[in-house]
Number of protein chains: 2
Amino acid sequence: MLSQSVEYALRAVCFLAERAPEPQTTGQIAKVTKVPPAYLSKILQQLGRSGIVRSQRGVNGGMALMKSSEELTILEVVNAVDPMQRIRECPLGLASHGVRLCPLHRRLDDAMAMVEHAFHATTLADILAEPSESIPLCNFPGPKAVKKR
Amino acid sequence: MLSQSVEYALRAVCFLAERAPEPQTTGQIAKVTKVPPAYLSKILQQLGRSGIVRSQRGVNGGMALMKSSEELTILEVVNAVDPMQRIRECPLGLASHGVRLCPLHRRLDDAMAMVEHAFHATTLADILAEPSESIPLCNFPGPKAVKKR
DNA sequence: GGAAAAGTGGATATTGACATCCACTATTGG
DNA sequence: CCAATAGTGGATGTCAATATCCACTTTTCC
């Protein structure tokens, strides 16, 4: 239901949030998040254009978040990469009198609205604040495990 | 967020529910729902294999619902054409210890669960029972408007 | 039985999402 | 300055979703 690109973007942003404010190279992110490096590079560019990450070229450069994890919502990341397409008018183009949708499309759009709201209500901090899971499953090695450089 | 095929399938099923139990030809459905006829044909075949519609060849044949609109949910139609893909295990393949997802994927899957639930809770009858909208927008000409044959 | 109506299945475009590659530019550290 | 590091942009490849076409089968009606 979500595109692969969104999945990749969220993985990358989670990782960056965890390591913030240190920039991480595309290669590092790709390795940890298991995303194809060349493709991840494109996605990070999109996130850059949307002001979610900034890039730093050269030695010791990489990608870093532009916002604190408290301020960055899942929705922002989703919309940067693959914007949620709400149904704003009748897809059949029938008498598009302003806002009203037929019962079918009303319900479909309601479902999307629920998702949009849930994504808007969740910040990266919310996600990082859950290290409670006993099994690390899907968790990247935490900051303590990182060798300093 | 939903595929084009799902959108088409739901339009077709709505129309069939409205006209039930009279079968409607693919051509008729395509015209009213503004779906490419040849493509709609494929989608109706899928709905047939899932037991949602039955087909009748020959003169006065067509497609008809196998269930009453009270018994047919949106979710069934969606799953027949483009099954909801819940996240059942870690997409990174990390230590897929049974059920637990990381916080990120847990939330993504929760969102899908919400949608799935909403779709499961809505029947075609629920949709047809809303002719209250003053402006017909997206509504097919009602049964009364149909010429008998 | 034969003609018309209607669905079926297979072959074939077309398009956009996903993915890769590479030459180029910018930055840093020595 | 220069060599290594790292991101950028453009060209290209691959594949599944979307869409079309057509020969064939089934069914009905006369």
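Chain identifiers are assigned alphabetically (A, B, ...) following the order of the sequence lines, protein sequences preceding nucleic acid strands; residue numbering begins at 1 within each chain.
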Next on the checklist: Apply side-chain contact (heavy atoms from CB on, under 4.5 Å) to residues I29(B) and L16(B) and explain how you reach the verdict.
Outcome noted: CA-CA 8 Å; I29(B) 305 171; L16(B) 288 178; 3.8 Å; yes
Next on the checklist: Looking at T25(A), I'd like to know whether one of its side-chain N or O atoms comes within less than 4.0 Å of OP1 or OP2 on dA6(D).
Outcome noted: no
Checklist entry - Which whole-number value in Å describes the distance from I29(A) CD1 to dA6(D) P? => result 12 Å
Checklist outcome for this item: For M114(A), the hydrophobic cluster (side chain heavy atoms closer than 4.5 Å, chained through members) also holds M114(B)
Next on the checklist: Could you go through F119(B) and L2(B), starting from their C-alpha distance and side-chain angles, then the distance that decides it, and tell me whether this counts as side-chain contact (heavy atoms from CB on, under 4.5 Å)?
Outcome noted: CA-CA 12 Å; F119(B) 285 179; L2(B) 297 173; 4.1 Å; yes
Checklist entry - In whole angstroms, how far is the C1' atom of dG7(D) from the CD atom of Q28(A)? => result 13 Å
Next on the checklist: So S41(A), base contact, sugar-phosphate only, or nothing? Heavy-atom distance under 4.0 Å.
Outcome noted: base
Item to check | Separation of atom CG in L47(A) from atom P in dT8(D), rounded to whole Å | outcome: 11 Å
Checklist outcome for this item: Winner on side-chain proximity to Q45(B), out of dT8(C), dT20(D), dA19(C), is dT8(C)
Item to check | Nearest-nucleotide pick for T26(B), side chain only, options being dA19(D), dA19(C), dG7(C) | outcome: dG7(C)
Would you be so kind as to tabulate the donor-acceptor pairs closer than 3.5 Å made by side chains of residues 41-57 of chain B, with sequence neighbours excluded?
| from | atom 1 | to | atom 2 | distance (Å) |
| --- | --- | --- | --- | --- |
| S50(B) | OG | Q46(B) | O | 3.3 |

Item to check | side chain to side chain donor-acceptor pair (under 3.5 Å) against S5(B), all qualifying residues, sequence neighbours excluded | outcome: Y39(B)
Checklist entry - Is the shortest side-chain N/O distance from Y8(B) to OP1 or OP2 of dA19(D) below 4.0 Å? => result yes
Next on the checklist: Please confirm whether the shortest side-chain N or O distance from S5(A) to OP1 or OP2 of dC18(C) is below 4.0 Å.
Outcome noted: yes
Anything under 3.5 Å between a protein N or O and an N or O of nucleotides 26-30 of chain C, put it in a table, one pair a line.
| from | atom 1 | to | atom 2 | distance (Å) |
| --- | --- | --- | --- | --- |
| dA26(C) | O4' | R57(A) | NH1 | 2.6 |
| dT27(C) | O3' | Q56(A) | NE2 | 3.2 |

Checklist entry - Which pairs pass salt bridge (Lys or Arg N to Asp or Glu O under 4.0 Å) with one or both residues in residues 5-14 of chain B, sequence neighbours excluded? => result E7(B)-R11(B)
Checklist outcome for this item: Residue set satisfying side chain to side chain donor-acceptor pair (under 3.5 Å) with D82(A), at least two apart, ordered chain then number -> S3(A)
Next on the checklist: Without decimals, in angstroms, what is the distance between Q46(A) CD and dG7(D) C1'?
Outcome noted: 15 Å
Item to check | For V59(B), the rest of its hydrophobic cluster, which grows through side-chain links under 4.5 angstrom | outcome: none
Checklist entry - Among dA19(D), dC18(C), dG7(D), which is the nearest nucleotide to the side chain of Q4(B)? => result dA19(D)
Checklist entry - For the side chain of R49(A), counting heavy atoms from C-beta on, which of dA19(D), dG9(D), dC18(C) is nearest? => result dG9(D)
Next on the checklist: So G62(B), base contact, sugar-phosphate only, or nothing? Heavy-atom distance under 4.0 Å.
Outcome noted: sugar-phosphate
Checklist entry - Near DNA chain D, which residues from residues 75-84 of chain B have a heavy atom under 4.0 Å away? => result none
Next on the checklist: Just the rounded figure in Å: distance from C1' of dA16(D) to CD of Q85(B).
Outcome noted: 13 Å
Item to check | Which residues share a salt bridge (charged side-chain N to carboxylate O under 4.0 Å, His left out) with K67(B), sequence neighbours left out | outcome: E76(B)
Checklist outcome for this item: So salt bridge (Lys or Arg N to Asp or Glu O under 4.0 Å) across residues 107-116 of chain A, not counting sequence neighbours, yields R86(A)-D109(A), R86(A)-E116(A), R106(A)-D109(A), R106(A)-D110(A), R107(A)-E130(B)
Checklist outcome for this item: Rounded to whole Å, CD of E7(A) lies from C1' of dA17(C) at a distance of 15 Å
Please produce a list of atom pairs where a protein N or O lies less than 3.5 Å from an N or O of nucleotides 10-12 of chain C.
| from | atom 1 | to | atom 2 | distance (Å) |
| --- | --- | --- | --- | --- |
| dG10(C) | N7 | K42(B) | NZ | 3.3 |
| dG10(C) | O6 | K42(B) | NZ | 2.6 |

Checklist entry - With D126(B), which residues qualify under salt bridge (charged side-chain N to carboxylate O under 4.0 Å, His left out), at least two apart? => result none
Checklist entry - What is the distance, rounded to the nearest whole Å, between atom OH of Y39(A) and atom P of dA17(C)? => result 8 Å
